[in-house]
Structure formats: structure tokens, C-alpha cells
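What's counted below: heavy atoms across the whole structure, side chains too, no hydrogens, waters or symmetry copies. Given the structure is predicted, the values throughout are model-derived calculations rather than measurements.
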Amino acid sequence: MVPDEKITLVKNAVANVVRGSSSAIVALAVPPFLTRAMSPETYGVWALVLQLSAYVGYLDFGIQTAVSRFVAHANERGDADFRDRMVNTAFVVLTVAGALAVIALIAGAALMPRLFGEMPPALFNDARLALLLVGSSLAIGLPMSVFNGVFVGLQRNEVPAGIIATSRIISAVLLIVVVRHGGTIPQIAASMALVNVAAYIVQYVMFRRLAPSMRLTPSLASKRHLKELSAYCLSLTVWSFAMLLITGLNVTLVAHYQFGAVAYYSIAASLVTFIAGLQNAIFSAMIPNSAVLHARGATEELGTLLQVTSRYGMFLLLFTGLPLILLGDWVLRLWVGGAYAAHGFLLLQILIVANIIRLSMTPYSVLLVGTGQQRLVIMTPLLEGLTNLAVSVVLAPFYGAIGVAIGTLAGAVAGVLGHLLYNMRKTADIRVDVQKLIKGAILKPLVCSTPILAVGLVLHWINGGTPVVRATSFLFGCIGALVCALKWGDVGGFRNVMRHGTAQWPNSAGA
């Protein structure tokens, strides 16, 4: 990897972290205001509206990711005509998808009383109007997301990161202002929709400024490019459907079986989203670079990249997830109040464990997309999603929200086993030793984290202790884990990668 490529990789990673951090800031800053201004039932309705509106995003079919990959690959080959035709074909497809989304939103609003019979009847009209406002704004954003794909393909990740981060922060501020002044759920939804539309306008302006030579006209769309786009996105669509089963249905299932627990489940899930957003933001920067490495046929370098990034990803998951597992009830009490801590802590613990497991495969999933091999591994995401859904549906009638959380955990275990035992042997373009990957990228970080786990056992033995005792104990546990990581966790490997370049990367998970 030449110096310019290293700088670009780091810049894109930082931009993605900024983008992910904005989501984290919103996820952490807004709930304290809402939970103190709304009843749990009203907050549950708002959380359900956000979940149902988010279904619009699944109609992206992975096209934004495909655009970033095709733009990067076409620019590497100097094929501007192919690039422009793929971009326009994607734009047309997502415009149609947006229109279908609006129709689906109208149908969903009409069916609300049948789907969520435990929702307070007085809140149905507000929920319907809010769903149409937020969902329709996201439907408009479907074709506009093509511009974000172009920015990423041009390795200008800072552009979508800046636009999205700014819009989310503005939306959060407006939401808080509206809530503090006694605003209703439809008024909150209207403020969010207006900010979304304004962000789309900025995206288009930046597209015209950064890619002036790129043509944007529906006449460039073609059946041939649609076929190629569809072939690439087929597996991404399966992945998207699997993600719908894994994370997209949880709040909806809780609302159907135990509406009273929606607020508590949503709060727990928002903290989990913080970890997932951070993980995905960091590693999504590898997509254009892995596409370039794949174009060069650098299979060994891709394998080493997987080993190194998986190890660091696991450390990141453990050092962000374990504090919430051990101190989550205290965090929830300070953050959103005692009622949410009492009802949400067990949910939070189960969901954190589940997501540490499933997100350990994030670097592998990103490399699959970057190298265009995601079509080879469509069964495992479906296995995870169907396992999640099946266990949730079986347990939710008896255990409510807890049953849905256990379903997420069961699905995570199934998904990771599928990747390790089946998929990695099929994706030959990423040459990796699975046993070394398990040892160096999963087991080693777990062993280095034993001081934090030991603190958890001690805290359990003393029945929790005071907040001061718990915080102090946890601090010592983190220091011990950090020492172990520095001494035995092979964290020096990343410094070697950045110093010597891709061609001299070490070839083992212990690098």
C-alpha cells in the first residue's frame, strides 16, 4: 500500500467514525429528554414509528454499496461510461423503490390497529401521521442515496459523513426543542422529515460540485446495466432481508406481543446501536480499498487484512460492550431513569452479548462486499435471520421482550458459526487460515479481557456494591485488560501494517 493509499484509508475511517459518532450522539442525547417528557407508552409509539419508517431503507437493496464499489472499480480502470450508466441505472431503480415505499407506508398506517392491538387507542392517529411523515421523507431519500455511494466510491467519505452527521445533530436539536415545548409526536416527525429533505438537497449540490463530469440523466439507464447491478445486489438484498429478520423486526415483535415493553426494549437497543454503529463506521472504510486489492488479485493481502482488522474489531467490541454488561443498570439509571434501568437492564445484557458475537464478523462481511463475493455466502445471513425470527416468535408469547432478545442471541451464534465453519472455506479470494483467525482474532482478545470479566464475577459476588465500588473495580479491570492487550494481544501488528505497507503485512493472525 503506497503512502497516499494509507492516508486515504485513515481519512475515510476517520470520516466514517465521525458519521457513526453523530448517530451515537443522537442515540445517547435524545432519549433522556424524551423519556422524561413522555410516558412509556408514548415513547414506545415514537420508537415503533422510527422502526416502521426504517423499513423503507431496506428497499435500498444494497444499491448504495454497489454504486460505491462500481464507481471505485470503474475509476481504477478509467471507464467513465460504465460508471455513469451504473449510477443512472441505480438512480432510476431507487426512484421506483421510493414510490413503492410510499404505497407500503399508507397500507401500514391503515393496518396499525390490527397489528398492535395493545397500543393505547388515543395514540393511533398520532402514530399514523408520524409514520407517513418520517417514512415518506426516507422514501425520497432512496434515490438520493446514490450520491452517497458516488462519494464513497470516489473515496470522499468525509462528504456524506459531514452531511449526515450535521443533519442528524440538527434533527436531534429540533426534536429536543419540540419536546421541551410540549410538541406532539406528529410535530416531532415533521421536524425530522424537514431536516431529511434539506440534507438530500445538500447531497445533490455536493454531487454536482465533486463530480461535474459525471452525467445524471435517466436515458443512460439500461437493461444491461440493470442486469449487472441486479446480479451484484442479489446477495446484498438477501443480506438486507436477513438484517430485517435480525434487527429490523425486534421492536415490531415486542410491540405486537408486549407493547408495554417497547420503550424499555428500544432504550436497550439504542445502546447496542451505539456499538454497532461504531464498528460498522470504522470498517466500512475498507470497501473501496478492498475493491482495489481485489482488482489487483491480492488474495493474501486481503486475508491478512481480515486477520488484523478482525482482531482489532474484537478488542473494540469487548472494550465497549463489557462496561455495559457490567455497569449497564447504573448507566441506564443515570441516563434515562430508574424505571428504564429496572425493566431494561437484562434486555441490555442479552443484546450486548448477542451483538459482540455477531459483530465479530463485521470485517469479514465488509471484505466480502468490497471483493464482490457476498453472493457466495447468502445462506449464512438467512440462517441467522431465520433462527432469530423463529426463536423470537416461539419465545415472545411466553416471555415477551426477553424472548425477542434471546432470539437475537440465538441468531448471532448461528451466523458466526456459519461464517467460520462454512463461508470462509468458499471465499477463496480472501485467503485466510480459519484456525489462526479464531485463535488470534477471537480467543486472544477474549483472554486479554479476563481482568474485566473477573471484575464482573467479583461484583456479582458482592451483590453489586455501591456505584463508587463498581466504578473503581471496573477501572482496575480495564487497566488490567489494557496491559494484557498491550503485552499479549499483538496490537503492534497494526503499527507494522501502517509502517511497512500492504506487501509486507504479516501472514498470521498473531501479526
Side-chain angles (χ1 to χ4, degrees), residues 235-236 238-239 241-243 245-247 275-276 279-280 282-284 286-287 290 294 299-318 321-322 350-391 406-450 489-490 493 505-511:
S235 54
L236 289 178
V238 174
W239 279 28
F241 176 69
M243 287 304 302
L245 299 179
I246 294 167
T247 60
I275 295 178
Q279 190 84 349
N280 290 324
I282 291 174
F283 292 107
S284 62
M286 297 191 302
I287 291 179
S290 59
H294 185 248
T299 59
E300 291 187 2
E301 294 179 17
L302 284 167
T304 304
L305 178 61
L306 172 61
Q307 295 183 32
V308 173
T309 54
S310 294
R311 181 167 66 253
Y312 279 85
M314 193 64 181
F315 273 117
L316 178 63
L317 287 170
L318 292 171
L322 290 178
I350 297 172
L351 292 176
I352 290 291
V353 172
N355 279 273
I356 287 177
I357 294 172
R358 68 177 303 272
L359 291 174
S360 65
M361 293 291 106
T362 296
Y364 178 63
S365 299
V366 169
L367 288 182
L368 289 176
V369 174
T371 59
Q373 296 184 93
Q374 71 279 354
R375 64 189 183 281
L376 302 177
V377 295
I378 60 176
M379 295 306 298
T380 295
L382 283 176
L383 173 65
E384 179 180 356
L386 292 174
T387 300
N388 187 334
L389 179 62
V391 174
I406 294 174
T408 301
L409 176 59
V413 173
V416 169
L417 290 177
H419 281 311
L420 293 175
L421 301 180
Y422 180 68
N423 289 337
M424 289 186 183
R425 306 181 190 281
K426 294 178 58 180
T427 52
D429 287 353
I430 304 174
R431 190 173 301 175
V432 62
D433 187 316
V434 175
Q435 291 184 347
K436 288 183 178 180
L437 181 69
I438 294 173
K439 178 183 176 181
I442 297 178
L443 296 182
K444 188 168 288 187
L446 283 171
V447 171
C448 291
S449 300
T450 51
D490 294 324
W505 283 5
N507 292 316
S508 70

Straight-line distance of Met424 CE to Arg431 CZ, nearest 0.5 Å: 16.0 Å
I'd like to check the side chain to side chain contact (heavy atoms under 4.5 Å, CB included) partners of Ile406; sequence neighbours left out, ordered by chain and number. Ile350, Val391, Leu395, Ile402
Please round to the nearest 0.5 Å and tell me the distance separating atom CD1 of Ile442 and atom CD1 of Ile356. 12.5 Å
Taking only residues two or more places apart in sequence, or in another chain, which ones meet Ser449 in a side chain to side chain contact (heavy atoms under 4.5 Å, CB included)? Leu318, Phe319, Leu322
How many angstroms lie between atom CG of Leu367 and atom CD1 of Ile430, to the nearest 0.5 angstrom? 5.0 Å
Applying side chain to side chain donor-acceptor pair (under 3.5 Å), name anything that partners Asn388, two or more places apart in sequence or on another chain. Ser392
Straight-line distance of Leu437 CG to Lys439 NZ, nearest 0.5 Å: 12.5 Å
Which pairs, with at least one residue in residues 408-419 and sequence neighbours excluded, count as a side chain to side chain donor-acceptor pair (under 3.5 Å)? Asn250-Thr408, His419-Asn423
I'd like to check the side chain to side chain contact (heavy atoms under 4.5 Å, CB included) partners of Leu383; sequence neighbours left out, ordered by chain and number. Thr387, Ala414
Val447: which residues meet the side chain to side chain contact (heavy atoms under 4.5 Å, CB included) condition with it, sequence neighbours left out? none
Nearest 0.5 angstrom please: Leu420 CG to Arg425 CZ, how far? 9.0 Å
Quick one: salt bridge (Lys or Arg N to Asp or Glu O under 4.0 Å) pairs with a partner in residues 410-424, sequence neighbours left out? none
Interatomic distance, CE@Met314 vs OG1@Thr309, rounded to 0.5 Å, equals 13.5 Å
So which heavy atom on Leu317 is nearest to which on Ser360, and how close? CD1-N, 3.5 Å
Applying salt bridge (Lys or Arg N to Asp or Glu O under 4.0 Å) as the test, list every pair that has at least one member in residues 353-365; sequence neighbours left out. Arg358-Glu384
For Leu421 and Val434, what are the C-alpha separation, side-chain angles and deciding distance, and is it a side-chain contact (heavy atoms from CB on, under 4.5 Å)? CA-CA 8 Å; Leu421 301 180; Val434 175; over 6 Å; no
Could you pull out the closest heavy-atom pair between Ala354 and Ala412, with the gap in Å? O-CB, 3.3 Å
